[in-house]
**Student:** 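My questions will all concern the structure given below.
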Protein chains: 6
Amino acid sequence: MVRQQSIGIGKCALQLVLASSDEIEGLKSEINETTFQYCLGKTGSMDLQKVVSAIETAAKRNHIIEEGLYREMHALYHAILEAVQGVTRGQVQLGDVMRTVGLRFAVVRGKPYENEQEGEWIAVALYGTIGAPIRGLEHETAGLGINHI
Amino acid sequence: MVRQQSIGIGKCALQLVLASSDEIEGLKSEINETTFQYCLGKTGSMDLQKVVSAIETAAKRNHIIEEGLYREMHALYHAILEAVQGVTRGQVQLGDVMRTVGLRFAVVRGKPYENEQEGEWIAVALYGTIGAPIRGLEHETAGLGINHI
Amino acid sequence: MVRQQSIGIGKCALQLVLASSDEIEGLKSEINETTFQYCLGKTGSMDLQKVVSAIETAAKRNHIIEEGLYREMHALYHAILEAVQGVTRGQVQLGDVMRTVGLRFAVVRGKPYENEQEGEWIAVALYGTIGAPIRGLEHETAGLGINHI
Amino acid sequence: MVRQQSIGIGKCALQLVLASSDEIEGLKSEINETTFQYCLGKTGSMDLQKVVSAIETAAKRNHIIEEGLYREMHALYHAILEAVQGVTRGQVQLGDVMRTVGLRFAVVRGKPYENEQEGEWIAVALYGTIGAPIRGLEHETAGLGINHI
Amino acid sequence: MVRQQSIGIGKCALQLVLASSDEIEGLKSEINETTFQYCLGKTGSMDLQKVVSAIETAAKRNHIIEEGLYREMHALYHAILEAVQGVTRGQVQLGDVMRTVGLRFAVVRGKPYENEQEGEWIAVALYGTIGAPIRGLEHETAGLGINHI
Amino acid sequence: MVRQQSIGIGKCALQLVLASSDEIEGLKSEINETTFQYCLGKTGSMDLQKVVSAIETAAKRNHIIEEGLYREMHALYHAILEAVQGVTRGQVQLGDVMRTVGLRFAVVRGKPYENEQEGEWIAVALYGTIGAPIRGLEHETAGLGINHI
Ligand SMILES: [Mg+2]
Ligand SMILES: [Mg+2]
Ligand SMILES: [Mg+2]
Ligand SMILES: [Mg+2]
Ligand SMILES: [Mg+2]
Ligand SMILES: [Mg+2]
């Protein structure tokens, strides 16, 4: 069950959210040599619903998942929630506990395992800042969620 | 409160655990140009206590934190727990819920903020696999914890 | 401490929420032969507060609990929260994590233990669907909470 | 996206664990008229790992899931964890918080949605007792986990 | 629904665990003027089961609760778990996350409400230290759980 | 690493929130003999954000922490969240799960360890009532959070 790709699907997603503006093009070329599909975006809010919604919307608009198929939405949804748990570390809450996030997100879809039958998986990575709703009173945060699709 | 370093302390820790063997030397050179101190290690277990312990021990042995000072141990401990929450996503448990991890970890210490008074902070990053205690039945996982020290 | 009734109080509550329209009358007859009191209802919302409130209100209106007595409200409240944890499985949240529920609920009160001194207990069962706020993008969910009263 | 079956996959799993010995045969006949596959079992322990393991083993032995395929094990694993959260309501722990369970479990696999593309899903239902490790000092508990496979 | 006693049942339990050796006698006299019953003890462990067990055993031996009655054990058990959540703040775990506690505990039983029908309630208070399993590397911790009985 | 003060920083914070109006002056005199700084306040809400905000604002206005320094805000924030977990015992939520709090809070800052290098720490204590949003349908609750600053 060796990985099919030269790079893991989760690592790929994390590198996309961590990449600086001058690293991103090189990274995109690298991913384009794999069979992975991906989308990238930004979201910032005290409202967790908006964060979840921004990632779902981006994945649908970029045809990473098929919007009308619950199976795909369900896979994505749980991957998002798992990534959000890395970001929130304990309480899956933002404004309710007086904090806000500014995040980059990446959704990557593909076949990460050598065995063809393992099929497609999805990775959601988040990276950015979390903190008080006052600029600068914040530190970095990250999360990764992975699911079969 | 602009970041003092060209790279965030959390991003630095995440890049260390994500780096492949041919990327690691370049990354180390890059970090050596910052004022950050760091250590890197590996740990794998069904026993969460061993994971926590391996990171604490590495941070002490590599003089990233001062072992006799509770203040520093406390800062590290909570950063580890936050990183572990990203890895476990929901229940901070491994063997109890029949799963095991194989992780690389990085502990980075330094002054990530421009304002000198913000002092030192610590970042703990984890990246590896989580899954059933059967080789190959696993997917990637990651976590990041950050604390003032 | 053998059960006093031919059917457990929790099983009774679960059967009430699972029953189809043609099963419900037979079930009601069966429960009427026990000493259990019960009420049944429906609630659907993205707002967890409305779910909790709907169950509390139904239990009060149907005289399953005595509204002015905190002791009874407290017993019911914790039974509701426990049932909600089965429905939400991890984060006791709905709209905040972009999901909605459509639930049937049953509250059953009575003496489930043979030993008269064990007194009255309360069971809250929930069954329905949870998912995205789009019709059809949902799967089944259930929960059971039990408390002494 | 109307349900394909006359009965939901989760309701089917819950009915299997709730059925008394004289109800079970009728229920099995009813399920045999659907396209669902299922297995039934019992497990009791203060050790959560044994509970998870008993369900996984039964699902593999009864060919509900394909053991060598991580995709299927992953789907089952998360469905089990979700069902366990209904049973434990808050802390996914048994012996550590001085309690034990005696559970019946059912694993049901099939196509619950009318749209063929929604594919297969898996439901895990649990029902039994939870309480102090002293006979009789226990009340009922239940849980339901559902996942795409 | 004014409090019947000059002091709340939870405050009474907290004061018992906070009292220094020269305060305890005065406090005991004060409580003896109420209708509250109580017991006091100490427990220290990396094993949460031992902490739960020590409190249950003390409450039984001191006849604060009636051991054979599940109703009373259930009320105490949930009050203990609630108090433990204050002590552990997030993960209800000790040794698994490499930490240990040294705690004083108090269990208080009585009628805290003026309305006689509110009946008896139970309070469990915990106070002591939590930290690494190395002497001195610890800070204070506390918790309070309250339940109707 | 013996405590420097005759009273622990957490015990001090708990005593402040527990003190009745005739005890508070004696307690204040006692604390004034230590090197601890503190502030006291009240907050009541169904909205957790307001609770967190009230404590943060009081600590800033009373110069217990330096508002512009993220390091200090971060230490306070995590101490508040830990104290709130004792109050909420499981779900860090109020109105969402249909409950409200009325709390006294104390924030204490100082050097609780004999070893000068352990530096300053912060304690947040909460005590009051939690319950249904109907007067009298409530019981006591408490929490304590401690952090290095
Ligand atoms: Mg997984
Ligand atoms: Mg933080
Ligand atoms: Mg219970
Ligand atoms: Mg789901
Ligand atoms: Mg309560
Ligand atoms: Mg701590």
Side-chain angles (χ1 to χ4, degrees), chain E residues 1-3 5-20 23 27 78-92 104 108 112-115 118 121-132 134-148, chain F residues 1-3 5-20 23 27 78-92 104 108 112-115 118 121-132 134-148:
Chain E
M1 222 157 295
V2 179
R3 298 286 164 70
Q5 314 292 153
S6 55
I7 173 180
I9 194 169
K11 183 173 170 179
C12 177
L14 281 167
Q15 284 180 322
L16 279 166
V17 290
L18 288 172
S20 59
E23 290 163 340
L27 185 58
H78 283 277
I80 292 172
L81 270 203
E82 293 195 2
V84 165
Q85 285 175 314
V87 164
T88 54
R89 292 145 296 126
Q91 311 67 236
V92 183
R104 298 184 67 195
V108 183
Y113 298 98
E114 203 174 63
N115 181 349
E118 292 295 355
W121 290 66
I122 197 159
V124 174
L126 302 172
Y127 170 72
T129 55
I130 192 164
I134 299 167
R135 196 171 157 65
L137 302 196
E138 66 205 14
H139 59 62
E140 291 161 278
T141 189
L144 176 65
I146 289 189
N147 210 353
H148 61 284
Chain F
M1 221 156 296
V2 180
R3 297 288 164 68
Q5 314 291 152
S6 54
I7 173 179
I9 194 168
K11 183 172 170 179
C12 177
L14 283 167
Q15 285 181 322
L16 280 166
V17 290
L18 289 171
S20 60
E23 288 163 340
L27 186 58
H78 283 276
I80 292 171
L81 271 203
E82 294 194 1
V84 165
Q85 284 174 315
V87 165
T88 56
R89 293 145 295 126
Q91 314 64 240
V92 182
R104 296 185 65 198
V108 182
Y113 298 98
E114 203 175 61
N115 181 349
E118 291 295 356
W121 290 67
I122 196 159
V124 174
L126 303 170
Y127 170 73
T129 55
I130 192 163
I134 298 166
R135 197 171 155 64
L137 302 195
E138 67 206 13
H139 59 64
E140 290 160 280
T141 189
L144 177 65
I146 290 190
N147 210 354
H148 62 283

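Atoms considered below: every heavy atom in the structure, side chains included; atoms not considered: hydrogens, waters and symmetry mates. Here is the naming used below: chain letters follow the sequence lines, and residue numbers restart at 1 for every chain.
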**Student:** What are the two closest non-hydrogen atoms of F:Glu138 and E:Tyr113, and how far apart are they?
**Tutor:** O-OH, 2.6 Å
**Student:** Whether the side chain of E:Glu140 engages the backbone of F:Lys11 through a donor-acceptor N/O pair (distance < 3.5 Å, no angle test) should be reported.
**Tutor:** yes
**Student:** Side chain from CB out, backbone as N, CA, C, O: work out which of these in F:Ser20 comes under 4.5 Å of a heavy atom of chain E, or both, or neither.
**Tutor:**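 When you check distances to chain E, atoms from both the backbone and side chain of F:Ser20 fall under 4.5 Å.
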**Student:** First locate atom CD1 of E:Ile7, then atom CG of F:Leu18, and finally report the distance between them rounded to the nearest 0.5 Å.
**Tutor:**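 It is 8.5 Å, given to the nearest 0.5 Å.
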**Student:** Given a strict heavy-atom distance threshold of 4.5 Å, which part of E:Ala13 is in contact with chain F: side chain, backbone, both, or neither?
**Tutor:** neither
**Student:** Apply side-chain hydrogen bond (donor to acceptor under 3.5 Å, both in side chains) to E:Arg89 and list each qualifying residue two or more places apart in sequence or on a separate chain.
**Tutor:** F:Glu82
